[in-house]
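One structure is given below, encoded as structure tokens.
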Amino acid sequence: MKVQVLFTIPETAGVDVAGATVAVVDVLRATSTMVTALARGARAVFPSASTEDALRLAQSLGREDTLLCGERRGLRIQGYDLGNSPLEYTREVVEGRRLIMNTTNGTRAILVMEDADAVLALAFLNLGAVASEVRERERLICLCAGREDAFALEDAVCAGLLLQRLRAEGVELDPDDGARAALALAQAHEPNEAFLASTLAGRALLASELGADLAWCARVDALAVVPVLRDRMLVPLSEPEA
């Protein structure tokens with residue numbers, strides 16, 4: 001398997017995604033929240049590039065069973081139903097609902113890669129499920145959403161852990177330099193709450209009194225849902241479970 005890891009969204013410029021499976025990772029917190037929402041019974045998550053696009057889509061879909069979700073600088077956007085904390089996405093709130101999500105990094109990263117053969121959402125939460133899903137693919141790109149177009153350690157470690165899992169399952173990897181760096185970072189860091197709290201994004205969440213999200217986002221293999229992009233919406237490859 002040819003493997004490429006991109007550490008920021010600007011690195012996607014000029015990258016040919018034809019024939020590639022893309023795993024987008026934004027551990028803190030967009031992809032963790034998407035996985036949680038679909039596991040809790042949300043019908044679909046519609047990634048949106050801007051608040052204006054999100055509001056237009058909500059008007060088109062109708063607000064009866066549609067929730068506006070997202071954040072700017074980590075905090076819920078004014079007028080939205082939900083922010084970007086996975087703990088908000090309980091079964092009581094999201095089951096059977098369509099979610100329109102607009103975040104600083106994660107939703108933008110997904111939309112940038114929408115022309116790939118397949119686009120999946122990756123987090124610590126569904127690491128094993130994604131590994132099982134992509135192990136037969138010929139070309140894999142891991143796109144780390146990063147933090148405002150800058151490197152985010154937690155995303156790089158998550159990408160590296162995915163590659164570790166694939167190797168452990170007997171997949172022969174042909175990694176680029178980014179993939180080799182991600183593998184090295186995954187070997188150097190344990191994916192747990194303390195690690196997430198030490199990152200720049202984790203410290204920002206703690207400062208915003210959102211530190212409870214760290215424990216949830218650090219739960220490796222907690223959920224088996226693999227969100228896949230179809231017709232510009234993320235839907236689960238497996239049945240919701242939690």
Side-chain angles (χ1 to χ4, degrees), residues 24-48 51 53-107 110 120-130 133 145 158 192-193 196-197 201-202 204-206 208-242:
V24 174
V25 53
D26 186 357
V27 172
L28 296 176
R29 296 164 290 170
T31 55
S32 296
T33 298
M34 292 165 182
V35 171
T36 302
L38 292 175
R40 297 279 170 77
R43 286 169 57 189
V45 177
F46 293 79
S48 177
T51 53
D53 287 349
L55 290 169
R56 278 194 294 269
L57 181 57
Q59 193 170 38
S60 173
L61 293 174
R63 294 288 276 130
E64 183 177 343
D65 63 352
T66 303
L67 299 176
L68 279 167
C69 315
E71 55 74 34
R72 282 294 174 271
R73 300 188 180 276
L75 302 177
R76 181 189 302 188
I77 297 170
Q78 187 173 4
Y80 274 33
D81 301 295
L82 296 170
N84 194 31
S85 167
L87 301 181
E88 296 179 80
Y89 292 70
T90 62
R91 183 169 292 279
E92 292 74 19
V93 171
V94 303
E95 187 171 28
R97 301 291 190 94
R98 295 175 293 195
L99 311 182
I100 301 172
M101 184 173 289
N102 171 224
T103 70
T104 307
N105 306 296
T107 55
I110 287 169
L120 312 175
L122 169 67
F124 289 153
L125 289 168
N126 67 340
L127 189 65
V130 172
E133 178 59 32
C158 188
N192 54 34
E193 183 179 358
L196 290 181
L205 289 174
L206 288 167
S208 299
E209 299 185 352
L210 293 166
D213 288 350
L214 300 177
W216 179 262
C217 294
R219 298 176 69 218
V220 177
D221 293 337
L223 301 170
V225 172
V226 179
V228 59
L229 191 66
R230 291 178 179 152
D231 298 323
R232 293 181 67 87
M233 61 182 175
L234 290 159
V235 294
L237 279 173
S238 58
E239 289 299 316
E241 61 183 74

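These numbers come from the heavy atoms of this one structure, side chains and all, not from hydrogens, waters or symmetry mates. Only a predicted model underlies this, so the values are computations on that prediction, with no experimental measurement involved.
In this structure, CG in L75 is found 5.0 Å from OG in S208, a value given to the nearest 0.5 Å. Interatomic distance, CD1 of I110 versus CG of L120, reported as 9.5 Å (0.5 Å rounding). Expressed to the nearest 0.5 Å, how far CG of L205 lies from CG of L28 amounts to 5.5 Å. Note that CD of E71 and OG1 of T104 are 3.5 Å apart. Values are rounded to the nearest 0.5 Å.
Counting heavy atoms from C-beta on, the side chains of V235 and V228 come closer than 4.5 Å. Side-chain contact check for L99 versus M34: every heavy-atom pair is 4.5 Å or farther apart. Side-chain contact between T33 and M101: present, with at least one pair of heavy atoms (C-beta onward) separated by less than 4.5 Å. A 4.5 Å side-chain heavy-atom check between I100 and L61 finds at least one atom pair inside the cut-off. By the 4.5 Å heavy-atom criterion applied to side chains, L125 and P86 are not counted as neighbours. Taking the side chain as every heavy atom from C-beta outward, L214 and L206 approach each other to under 4.5 Å.
Between C217 and R29, the shortest heavy-atom distance links the atoms SG-CG, 4.3 Å. For A54 against Y80, the heavy-atom pair with the smallest separation is CB-OH, 3.4 Å. Between A123 and T31 the shortest heavy-atom distance is CB-OG1, 3.9 Å. The shortest non-hydrogen separation linking F124 to A218 is CD1-CA, 4.1 Å. Looking at every heavy atom in both residues, A121 comes nearest to N126 through O-ND2, 3.0 Å. Of all non-hydrogen atoms in L67 and V93, the two that sit nearest each other are CD1-O, 3.7 Å.
Every residue two or more places apart in sequence or in another chain that forms a side chain to side chain donor-acceptor pair (under 3.5 Å) with D65 is listed here: R43, R98. Applying the side chain to side chain donor-acceptor pair (under 3.5 Å) criterion to N102, with sequence neighbours excluded, gives R72. Scanning for side chain to side chain donor-acceptor pair (under 3.5 Å) contacts around T66 gives an empty result, with sequence neighbours left out. The side chain to side chain donor-acceptor pair (under 3.5 Å) check on T36 picks up W216, with sequence neighbours excluded. Listed by chain and residue number, nothing satisfies the salt bridge (charged side-chain N to carboxylate O under 4.0 Å, His left out) test with R97 (two or more places apart in sequence, or in another chain).
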- Query: Checking salt bridge (Lys or Arg N to Asp or Glu O under 4.0 Å) for the pair R76/E88: CA distance, chi angles, key distance, verdict?
  - Reply: CA-CA 11 Å; R76 181 189 302 188; E88 296 179 80; 2.7 Å; yes
- Task: Mind running side chain to side chain contact (heavy atoms under 4.5 Å, CB included) on L57 and D53 for me, showing each step along the way?
- Result: CA-CA 6 Å; L57 181 57; D53 287 349; over 6 Å; no
- Are R63 and D81 close enough, and set up right, to give a side chain to side chain contact (heavy atoms under 4.5 Å, CB included), and what steps lead you there? CA-CA 11 Å; R63 294 288 276 130; D81 301 295; 3.1 Å; yes
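No more than 12 heavy atoms of other residues, nucleotides or ligands lie within 6.0 Å of CZ in R73, so this atom counts as exposed by the packing criterion.
Identified under the side chain to side chain donor-acceptor pair (under 3.5 Å) test for residues 219-230, with sequence neighbours left out: R165-D221.
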